[in-house]
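Here the structure comes first, spelled out in structure tokens, and everything after it is commentary.
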There are 2 protein chains.
Amino acid sequence: MLDERDRRILDLLQKDATLPVAEVADQVALSASACSRRIQKLEEAGYVERRIAVLDRERIGVPTTVFALIKTAHHSDDWIESFRKAISDIGEIVEAHRLTGSYDYILKVVLPRVEHYDVVYRRLVKRIELFDVSAFISMEILKSGHALPVDYAE
Amino acid sequence: MLDERDRRILDLLQKDATLPVAEVADQVALSASACSRRIQKLEEAGYVERRIAVLDRERIGVPTTVFALIKTAHHSDDWIESFRKAISDIGEIVEAHRLTGSYDYILKVVLPRVEHYDVVYRRLVKRIELFDVSAFISMEILKSGHALPVDYAE
DNA sequence: GATGAAATAACCTCCTG
DNA sequence: CAGGAGGTTATTTCATC
């Protein structure tokens, strides 16, 4: 369903959505009108989830990243519900996955500084019981991709 | 430097950058022109890093997420350089951090399906020596935030 | 210094050839 | 696919507070 041009278009837009259609058209060797049509099709088909502004971590006051790996003994529906709610309420937790293996959950937490992790940790354990939480502080971001590989898209 | 309106504007745009200025203006009780000016100021001041299209993981063919936690014995400049290069080259690795603590690195990997993790793993260990790699498969995304908390911004 | 209203400019989209 | 008209949206100007 998608050809190389479509993938290229998606890749360009996921890196910079402010690109004028005319410029995208240039880069994929297409006329502006044809390119505009393709972009519309791609959006209608749901390839583009949404368009967002990526804020600057430094400027926005949360330059620090901590990953929290969580083990829990509780797996009741009630507990899970409370946990979900807590995750959703705490803004510093920007990403959360339920895992397989020796840890049950991973949280990505953004903070003004490392010491602030304690505040978030307390806010979390006040609401739910956790068996074990290991915090890993990010010292350096090697790749901060909002970009997905487009090679598998069809 | 920022007031409540500015934070609100940033929050709206980081959730949906397609919002017409007029609508953002409405939500913060401002005229379109005043709002447009504020957005410009915010961009000039560097609060907005960029604007991007977020692609649909399912549609784009990489619905599966795996977190790889890595320990390494090597810390020479050469090794680090090779590691960086590998990370940067492998598209399935969408995020990478250098950590403190019992693990040295964390990678977020996106894949067409779990079995494909092996392909990425082999591609990585072919290029660099790793002491230990633990893979944690995401069974469920509880929060997939591209959104930062704006409360700390000033 | 920041606002709102109106004028201007830029852009996208649709239509025609 | 190229070119241009028409409509929509954003930006700039200007007067005002």
Side-chain angles (χ1 to χ4, degrees), chain A residues 1-62 112 146-148 150-151 153-154, chain B residues 1-60 145-154:
Chain A
M1 171 154 184
L2 295 195
D3 67 4
E4 206 41 62
R5 278 206 178 100
D6 289 318
R7 278 186 278 269
R8 191 78 201 294
I9 291 170
L10 289 172
D11 196 38
L12 287 165
L13 292 180
Q14 81 169 335
K15 277 156 187 159
D16 182 3
T18 69
L19 284 173
V21 176
E23 196 165 330
V24 177
D26 269 358
Q27 300 216 28
V28 296
L30 228 60
S31 71
S33 49
C35 190
S36 173
R37 261 192 304 272
R38 279 191 187 233
I39 293 172
Q40 266 188 316
K41 296 264 190 205
L42 290 167
E43 300 211 329
E44 279 163 21
Y47 288 94
V48 177
E49 195 178 298
R50 55 209 177 107
R51 288 158 182 266
I52 63 167
V54 178
L55 305 186
D56 185 282
R57 291 276 301 269
E58 288 284 345
R59 218 83 186 70
I60 226 70
V62 286
H146 298 269
L148 302 175
V150 295
D151 321 291
E154 46 188 40
Chain B
M1 171 151 183
L2 296 195
D3 66 6
E4 206 41 62
R5 278 205 178 103
D6 289 318
R7 278 186 279 270
R8 191 76 201 293
I9 290 170
L10 289 170
D11 196 38
L12 287 165
L13 292 181
Q14 78 170 335
K15 277 156 186 159
D16 182 3
T18 69
L19 284 174
V21 176
E23 197 165 328
V24 178
D26 269 358
Q27 299 217 27
V28 297
L30 229 59
S31 72
S33 50
C35 191
S36 174
R37 263 191 304 269
R38 277 184 185 239
I39 293 172
Q40 266 189 314
K41 297 263 191 202
L42 290 167
E43 301 209 328
E44 279 163 21
Y47 289 93
V48 177
E49 195 178 296
R50 56 209 178 108
R51 288 158 182 266
I52 64 167
V54 177
L55 305 185
D56 185 283
R57 292 275 302 268
E58 289 284 345
R59 217 82 188 68
I60 225 71
H146 298 269
L148 302 175
V150 294
D151 321 290
Y152 301 106
E154 45 188 39

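Just the heavy atoms: all of them, side chains too, but no hydrogens, waters or symmetry mates, feed the values below. Below, chain A is the first sequence line, B the second, and so on; all start at residue 1.
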query = Between B:Pro149 and A:Val62, what is the shortest heavy-atom contact and its length?
reply = CG-CG1, 4.2 Å
Min side-chain heavy-atom separation B:Leu2-B:Val150 under 4.5 Å = no
task = Would you mind reporting whether B:Met1 and B:Lys41 have side-chain heavy atoms less than 4.5 Å apart?
result = no
ask   = Who are the salt bridge (charged side-chain N to carboxylate O under 4.0 Å, His left out) partners of B:Arg38, not counting sequence neighbours?
value = B:Asp3, B:Asp6
query = What string of B, S and - do you get for nucleotides 9-17 of chain C, 5' to 3', when a contact is any protein heavy atom under 4.0 Å?
reply = ---SS----
query = Considering all heavy atoms of both residues, which atom of B:Glu49 and which atom of A:Leu55 are nearest to each other, and what is their separation?
reply = OE1-O, 4.0 Å
query = Is A:Glu4 close to A:Arg7 at the side-chain level, that is, under 4.5 Å between some pair of heavy atoms?
reply = yes
request  = Taking A:Arg8 for its side chain and A:Gln27 for its backbone only, find out whether a donor-acceptor pair lies under 3.5 Å.
outcome  = yes
ask   = Where does the chain B footprint on DNA chain D start and end, counting 5' to 3' with a 4.0 Å heavy-atom cut-off?
value = D:dA10 to D:dT13
message = Using a strict heavy-atom distance below 4.0 Å, which residues from residues 2-17 of chain B are in contact with DNA chain C?
response = none
inquiry  = Using the side-chain hydrogen bond (donor to acceptor under 3.5 Å, both in side chains) criterion, which residues pair with A:Arg57? Sequence neighbours excluded.
reply    = A:Thr65
Partners meeting salt bridge (charged side-chain N to carboxylate O under 4.0 Å, His left out) with A:Asp11 (sequence neighbours left out) = A:Lys15
ask   = Which atom pair, heavy atoms only, marks the closest approach of A:Ala17 to B:Ala53?
value = CB-N, 3.6 Å
